[in-house]
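Sequence positions, counted from 1, serve as the residue numbers for this chain.
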Amino acid sequence: MEKTCTDVWKNCLQVIKDNIPAQSFTTWFEPIKALRLEGDVLTIQVPSLFFYEWLEEHFVGLLRKTIKQQLGENGRLEYNIVVENSSNSNPYTTNIPSNGNGSAANKQSIPVPVALNKDIKNPFVIPGLKKLQVNPQLNQNYTFDNFIEGDCNRLARSAGYAVAQKPGGTSFNPLMVYGGVGLGKTHLVQAIGNEIKKNHPDKLVIYVSCERFCQQFVDSLKNRTINDFVNFYQAMDVIIMDDVHNFANKEKTQDIFFHIFNHLHQSGKQIILTSDQPPKDLSGLVERLLSRFKWGLSADMQVPDLETRMAILQKKMYSDGIDLPYEVVEYVANNIDNNVRELEGAMVSLLAQSTLNKKEIDLNLAKSMLKNFIKNSHKEISIDYIQKLVCDYFEVPVEMVKSKTRKREIVQARQISMYLAKSHTKTSLKSIGSFFGGRDHSTVIYACQTVVDLIETDKKFRSYVQDIQKKLKLS
């Protein structure tokens with residue numbers, strides 16, 4: 001009985017399915033259709049050029065073996081690729097033989113309309129576009145020179161600098177920078193982009209927010225220019241995507257970015273992402289995209305400590321040619337402690353008030369002018385806040401302070417927390433004890449007396465308490 005193309009491909013699939021993960025089989029082989037069998041050549045249809053490139057890159061050895069097993073030593077594979085045509089709503093197909101060497105894109109000229117020497121429509125609508133002369137959309141003020149390094153951002157900054165020196169050539173690909181609002185994520189990733197343009201002026205770098213990318217994708221669907229949209233981003237050497245958490249629940253946009261991501265990554269191009277959360281905590285994103293976000297390095301940006309906040313303000317003052325008293329800088333840095341953006345905004349507000357009222361800036365003016373700003377931006381003093389502040393200071397886990405452990409460093413943090421809770425809140429002793437793991441009021445009294453005694457007799461301990469109290473100070 002003569003074999004049909006369907007029979008041959010079905011037999012091939014049985015072998016392939018036993019040799020690759022189930023998810024890979026579902027993603028890459030179930031969509032394939034067997035078209036025809038002519039002699040020793042089996043032709044299969046794949047839904048896109050990307051499919052062809054991926055199969056040739058990752059599964060070519062397995063495909064070659066299974067085809068020869070079914071058709072003999074002279075057995076060969078040919079792809080029929082469905083190609084979208086931006087100038088016509090109807091797609092067409094083109095045939096390409098398998099190279100059998102795992103390097104499809106580099107070994108042959110692909111007869112599909114993706115040649116980058118043609119004009120490609122730029123979704124940023126830059127007039128006079130020719131041969132991808134791309135405006136990187138970077139803020140030139142965001143550089144490594146004016147990015148203040150501290151313990152809060154050292155890993156992210158170091159990884160970013162390494163990427164800037166060798167984009168696509170480090171293990172930090174993709175590089176994801178994550179953290180809360182106003183902590184400098186956008187500054188850092190744009191600094192990477194500016195450094196790359198400085199070191200490698202010929203590289204195509206693009207910065208785009210996730211929201212803008214999503215809107216461009218919608219526009220390309222509406223205008224039937226999806227090919228131009230994909231080709232533009234696939235032509236980049238470096239793509240910087242801000243706020244990727246905004247991809248949540250946008251499945252079609254995630255799908256298109258997934259293909260762009262894979263193309264860039266396989267081509268050795270650099271991908272830089274920012275998010276408000278680490279990849280493991282992102283919700284509303286498909287698993288295959290999340291898994292790719294985890295491929296490289298995820299580096300967090302934390303809230304800067306007092307010294308780093310002061311350095312940020314002093315750097316800004318130096319850049320603007322302003323000289324302020326040390327105590328004013330310390331006061332602002334000590335009271336705006338959770339957001340770099342608010343920190344700089346408070347300083348700008350202070351300078352504006354000084355100019356308008358023609359008053360010299362001193363500590364009293366700072367307290368007066370920034371009173372409402374600080375009140376709105378500062379965390380309310382509560383037992384929970386005090387506990388977190390003390391635990392951060394001594395670098396101990398919050399849950400340990402509430403536990404029954406008697407380790408010296410934990411007991412010290414617990415007793416200081418109780419002392420400050422009694423001093424800075426109106427909470428009863430019973431409630432304070434209950435908050436710290438169900439202890440009674442006598443334990444709180446003992447803790448407070450212990451702290452008072454140590455403040456009077458232990459200089460180092462006294463400095464600890466003073467530092468923490470300074471952080472708690474509102475006025």
Considering only heavy atoms from C-beta outward, does the side chain of [X] approach that of [Y] to under 4.5 Å?
X: P167; Y: K203; result: yes
X: P397; Y: M400; result: yes
X: V390; Y: I468; result: yes
X: F461; Y: V451; result: yes
X: F257; Y: F217; result: no
X: L273; Y: V177; result: no
X: S158; Y: R154; result: yes
X: F29; Y: I20; result: yes

Given the rule in the side chain to side chain contact (heavy atoms under 4.5 Å, CB included) test, do V230 and I260 qualify, once you have shown the distances and angles that lead to the verdict?
-> CA-CA 7 Å; V230 173; I260 292 170; 4.3 Å; yes

Anything under 30° is parallel, anything over 60° is perpendicular, the rest tilted; go ahead and classify F261 against H265.
->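 Parallel: the ring planes of F261 and H265 meet at under 30°.
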
Looking at residues at least two apart in the chain, or sitting in another chain, which of them share a ring pair (Phe, Tyr, Trp, His ring centres under 6.0 Å) with [X]?
X: F293; value: none
X: F436; value: none
X: Y393; value: none

More than 12 heavy atoms of other groups within 6.0 Å of [X] [atom1]:
X: K294; atom1: NZ; answer: yes
X: K250; atom1: NZ; answer: yes
X: K17; atom1: NZ; answer: no

Find the distance between [atom1] ([X]) and [atom2] ([Y]) and round it off to the nearest 0.5 Å.
X: H424; Y: L389; atom1: NE2; atom2: CG; value: 10.0 Å
X: Q140; Y: K198; atom1: CD; atom2: NZ; value: 11.5 Å
X: L282; Y: Q277; atom1: CG; atom2: CD; value: 5.5 Å
X: M301; Y: C152; atom1: CE; atom2: SG; value: 7.0 Å
X: H259; Y: L289; atom1: NE2; atom2: CG; value: 10.5 Å
X: L138; Y: N135; atom1: CG; atom2: CG; value: 8.0 Å

Residue pair [X] / [Y]: nearest heavy atoms and the distance that separates them:
X: R439; Y: V401; answer: NH1-O, 4.2 Å
X: V244; Y: S275; answer: CG2-CB, 3.9 Å
X: G160; Y: I192; answer: CA-CD1, 3.4 Å
X: G193; Y: I240; answer: CA-CD1, 3.7 Å
X: L204; Y: A235; answer: CD1-O, 3.5 Å
X: I226; Y: I256; answer: CD1-CD1, 4.2 Å

Do the side chain of [X] and the main chain of [Y] share a donor and acceptor less than 3.5 angstrom apart?
X: Q387; Y: I383; answer: no
X: H200; Y: Q165; answer: yes
X: T425; Y: A421; answer: yes
X: Q254; Y: G284; answer: yes
X: N19; Y: I16; answer: no
X: K422; Y: S417; answer: no
X: Q270; Y: I239; answer: no
X: D440; Y: T443; answer: yes
X: Q190; Y: N139; answer: yes
X: N146; Y: T143; answer: yes

Does a side-chain N-to-carboxylate-O contact under 4.0 Å join E456 and R462?
->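 R462 and E456: not salt-bridged.
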
Regarding [X] and [Y], do their side chains bring together a donor and an acceptor under 3.5 Å, going by distance alone?
X: S428; Y: S431; result: yes
X: Q215; Y: D219; result: yes
X: Q216; Y: Y233; result: yes
X: S209; Y: D242; result: no

Is there any side-chain hydrogen bond (donor to acceptor under 3.5 Å, both in side chains) pair reaching into residues 394-411, and which pairs are they, with sequence neighbours excluded?
->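 Output for this query is empty, none listed.
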
Could you name each residue pair satisfying side-chain hydrogen bond (donor to acceptor under 3.5 Å, both in side chains) that touches residues 278-291, not counting sequence neighbours?
->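 Only D255-R288 qualify under side-chain hydrogen bond (donor to acceptor under 3.5 Å, both in side chains).
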
ring-ring contact (aromatic ring centres under 6.0 Å, His included) partners of residues 146-193, not counting sequence neighbours, each pair once =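 Of all non-adjacent pairs touching residues 146-193, those that pass ring-ring contact (aromatic ring centres under 6.0 Å, His included) are Y142-H187, F144-Y161, F147-H187.
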
Side chain to side chain contact (heavy atoms under 4.5 Å, CB included) between V238 and K269: does it pass, once the steps are laid out?
-> CA-CA 6 Å; V238 180; K269 307 300 179 64; over 6 Å; no

Would you check, one step at a time, whether the test side chain to side chain contact (heavy atoms under 4.5 Å, CB included) holds for T274 with D243?
-> CA-CA 5 Å; T274 77; D243 295 330; 3.8 Å; yes

Tell me, with the steps shown, if T308 and I148 meet side chain to side chain contact (heavy atoms under 4.5 Å, CB included).
-> CA-CA 7 Å; T308 304; I148 300 299; 4.1 Å; yes

